[in-house]
Structures are given as C-alpha cells and as structure tokens.
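Below: the structure, in structure tokens.
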Amino acid sequence: MVTLSILDQSPIRKGGTAAEALANTIDLARHAERLGYKRYWLAEHHNTSSFAGSAPEVMIAAVAGATSQIHVGSAGVMLPHYSPLKVAELFRLLETLYPRRIDLGLGRAPGSDQRTARALQPGPNAYPIDVFPQQIELLIQFLEDSTGLAGEAGGFPIGHPYTGIHATPRGPGLPELWMLGSGGDGAQYAAQFGMAYCFAHFINQDAGTQPLELYRRNFMPSRRLASPYGSIAVSVTVAPTEEEARRIAASRNLWVLQLLQNRAGAFPTIEEALAYDYSDEEKTMLRAVERRGIVGSPEQARGRLLQMGAEYGVDDFVALTITYDQADRIRSYELLAQAFGIA
C-alpha cells in the first residue's frame, strides 16, 4: 500500500512575506490531514530569502497544534549545528505534547552556505563534520535513556562523562527516527544506527537507486526498527492537465535555475517565469531542471511515482510541491491524494 507524505520548506513568494509563508504552511498542513497524508515534515534553511523555515522544531509545534492526527516532523534537524542533548530534549518535549505523532528526521548538510554554517556554530569548538556518527549515537542514547529503552543501566555506562544526565521531560514515548540524505553517507548512517531512511531524490536524482540499495544491504536492526524502511522525497507538481502543470511549475523551475546561478531569492510569479528571456546556456540548464521532478496530470504523476517505487524498491513517497499561488499547491496535493485513492 502506497504511503504519501509532504515535505514543506515554507517558500516565500515575490510580493509575499515570511509571515504569509508560515501561515501557508499551517494552512496546508490542515488540508494534508484532511486529504489522508501520513506525515508532514518541515525543512531547515538558514540565511535565505527563499524559505521561512529556519527552525523546524518551532514549526512542528505550530503544525501539530493546528492538527490532530497527522505525524509531524523535521526534514531535517541539521545535527552538526547542535548539541545532541538539546535536540533530544526538544523532541522529548514535542513527543510529550503530541504523543505518537512526532518524527525526528536528521540531516548532515548545513542547510545554508558555509559562512552561515560557521555563524551557526555555538563556539570555536563546534562539532566537526567527521563526528556526525558520534552525535547520532549520543542523541539516540539520550532519547532511549529517557524512555526506559536503554534498560536499568540507562543510556551511558558507568564512568561515561554523561552518566546520570537525562533528556527531559522523561516518558514512555519516542519520536520516530529518520535519516535524510541525498547520497551514500546518509544511507550508511541510517543503516548503521537502524533508522528509517528517506532519499532526497529532488536534490540528487542522478544518484539513482544506489543510496537505498546501500542502506538495505548494510542495515543493522535496532530497538526501534527490525528491518530496513526506505522512502523517497520527490518534487511533484500536479494539475488537471499536463499543460497546466507545466505552466504552474515554471515558477519553481526559474527559481531552481537562479539557485544554480547563486542568485536565488523569493519565488517568482508564473508570468515572470514564462516571460523570462533564457539564454541558450540557461535553456540547457532549464531542461535539466525540468527533469528533476514529476510534472503532469494526476494520472501521469501516479504512474511516474509507481514506476519510481518499483525502481527504488519503496512504496513510501514524500512529495515536495512549490507553487507561486497557495491555491495551486493545495490543489496539487489534493489531486495527488485523489489519484492514489487516499483522499
């Protein structure tokens, strides 16, 4: 059975505001729950005029409070910026407020440029990228200790510097743990720590099925997950006809082109995108951008996702849809849900 979920980056459109983008996120989440989507994930981006979602943990609380059943989570918390104990406590608190509804998705990417990543560091002794596995291990130990999963001895052995330190509030619940990645490193970490894995196809479709194959081949069962569980996050734009879907997608395509040219800002209008005077080099880039996602009618989107599912060995899809108009975005998710019979 196919599972559909949503990834929301809280995009800011030209002429709009960050406040509008965040209000649209909460509005879309309510629609997602009504339409039968399984999860609603919030992204983390910094120092950008394109996205308003710089703190997914804050938006998780807002979205979970505005809904009643849908799973809400991070996609993801960029762990190298943060203390594992602090992240554990944030998600212990969210799990306590919204039991059995919280997902903790982790990422290694900076979610920003390198200068901003350095500014996010808590001090001169910030975590280097090569200790990411140790950060994951600490985070899991803090989380499991606070639920009793770690047993009588707790999360840390006697003599460990953190023995006796607990992520609070303590309680029985545990966020659902995911690793997010666009290549082999994330897949390997997910396998090593027995976590679910979501491959970011919308970032790196050129990686093919290799990350998920690596994940399944090296998976080690954990207290949380007995066998590998994979998902793919895909850019999807759906409209009643392919022609209309391509028209709506022109806004995002121009933005991606400008991102590749290091000049991305707020998302342009459809009219601006259609009227844009593309150079020959930009036309070549645009054709590559257009191949990065699924754009079409409900039947076309369903067929392509099912084809991808067969290729990648998954039946769990996370759809990322960015349109200039909120009404087009809601309709796209509505048509996709109807195409799969979940709405």
Side-chain angles (χ1 to χ4, degrees), residues 1-7 9 37-44 56 71 73-80 84 87-88 91 102-111 127 129-141 143-144 149 174-236 292-294 304-320:
M1 179 179 177
V2 169
T3 297
L4 295 179
S5 300
I6 291 176
L7 169 60
Q9 297 174 314
Y37 282 87
K38 172 67 174 178
R39 306 179 185 91
Y40 198 95
W41 283 353
L42 291 310
E44 177 179 333
H71 272 236
S74 57
V77 168
M78 300 301 139
L79 191 56
V87 174
F91 280 82
I102 301 300
D103 298 339
L104 171 50
L106 300 174
R108 194 182 68 153
Y127 290 102
I129 196 65
D130 57 345
V131 303
F132 184 62
Q134 287 77 20
Q135 284 188 285
I136 299 170
E137 186 174 15
L138 286 173
L139 174 63
I140 292 173
Q141 286 176 309
L143 287 170
E144 292 190 347
L149 277 175
L174 185 72
E176 191 171 300
L177 291 174
W178 287 78
M179 180 60 65
L180 317 172
S182 58
D185 289 342
Q188 186 62 54
Y189 294 136
Q192 177 182 346
F193 291 101
M195 303 167 67
Y197 174 63
C198 183
F199 169 61
H201 175 275
F202 70 96
I203 294 176
N204 184 21
Q205 70 280 7
D206 294 333
T209 61
Q210 185 269 340
L212 279 158
E213 291 168 357
L214 178 68
Y215 166 64
R216 284 189 283 261
R217 187 167 61 248
N218 294 285
F219 182 84
M220 299 177 64
S222 65
R223 293 186 181 97
R224 301 162 309 281
L225 195 63
S227 58
Y229 187 90
S231 175
I232 53 175
V234 186
S235 174
V236 182
R292 291 174 66 158
I294 296 172
R304 180 64 183 123
L305 278 175
L306 290 176
Q307 179 185 356
M308 290 179 65
E311 294 169 358
Y312 286 80
V314 301
D315 55 13
D316 189 306
F317 304 98
V318 182
L320 169 65

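Heavy-atom basis, side chains included; hydrogens, waters and symmetry copies ignored. The first residue of the sequence shown is numbered 1, and numbering continues consecutively from there.
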Donor-acceptor contacts, no H, no angles, side chain residues 178-192, under 3.5 Å, sequence neighbours left out:
unit_1	atom_1	unit_2	atom_2	d
W178	NE1	E176	OE2	2.9
D185	OD2	R108	NH2	2.7

Who are the side chain to side chain donor-acceptor pair (under 3.5 Å) partners of [X], not counting sequence neighbours?
X	value
T3	none
Y312	none
E137	none
Y40	D8

Quick one: pull up [atom1] in [X] and [atom2] in [Y] and give me the separation to the nearest 0.5 Å.
X	Y	atom1	atom2	answer
L305	I294	CG	CD1	4.0 Å
I102	L177	CD1	CG	12.5 Å
M308	T209	CE	OG1	11.0 Å
L106	M195	CG	CE	4.5 Å

Can you list every pair that meets salt bridge (Lys or Arg N to Asp or Glu O under 4.0 Å) and has a residue in residues 192-212, with sequence neighbours left out?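 Output for this query is empty, none listed.
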So which pairs with a foot in residues 192-204 pass salt bridge (Lys or Arg N to Asp or Glu O under 4.0 Å), sequence neighbours left out?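 Residue pairs with at least one partner in residues 192-204: there are none.
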I'd like to know if the side chain of [X] reaches the main chain of [Y], judged simply by a donor and an acceptor atom lying under 3.5 Å from each other, with no hydrogens or angles considered.
X	Y	answer
R223	G194	no
S74	G105	yes
S235	G293	no

What are the two closest heavy atoms between [X] and [Y], and how far apart are they?
X	Y	answer
L174	E144	CD1-N, 4.4 Å
A196	L225	N-CD2, 3.5 Å
R216	G313	NH1-O, 3.3 Å
V234	F202	C-CB, 4.3 Å
V2	L4	CG1-CD2, 4.0 Å
L139	P84	CD1-O, 3.4 Å

Which residues pass the side chain to side chain contact (heavy atoms under 4.5 Å, CB included) test with Q307, not counting sequence neighbours?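 Here the qualifying residues are R304, E311.
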Would you please test D316 and R39 for side-chain contact (heavy atoms from CB on, under 4.5 Å) and show each step? CA-CA 11 Å; D316 189 306; R39 306 179 185 91; 3.0 Å; yes
Classify the ring geometry between F199 and Y197 as parallel (under 30°), tilted (30 to 60°) or perpendicular (over 60°).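 F199 vs Y197 ring planes: tilted.
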With a 4.5 Å cut-off on side-chain heavy atoms, are S222 and F193 touching?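 A side-chain contact under 4.5 Å is absent here.
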Is there a side-chain contact between V87 and Q135, using heavy atoms and a 4.5 Å cut-off?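 Not touching, per the 4.5 Å side-chain cut-off.
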With side-chain contact (heavy atoms from CB on, under 4.5 Å) as the test, would you mind laying out the steps for S5 and V318 before giving the verdict? CA-CA 5 Å; S5 300; V318 182; 4.1 Å; yes
Using side-chain contact (heavy atoms from CB on, under 4.5 Å), reason through F91 and V77 one step at a time and then give a plain yes or no. CA-CA 11 Å; F91 280 82; V77 168; 3.7 Å; yes
Once ring-ring contact (aromatic ring centres under 6.0 Å, His included) is applied, do any residues pair with Y37, and if so which ones, sequence neighbours excluded?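 Here the qualifying residues are Y333.
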Less than 4.0 angstrom from a charged side-chain N to a carboxylate O is my criterion; do D103 and K38 meet it?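 Salt bridge flag = no for K38 with D103.
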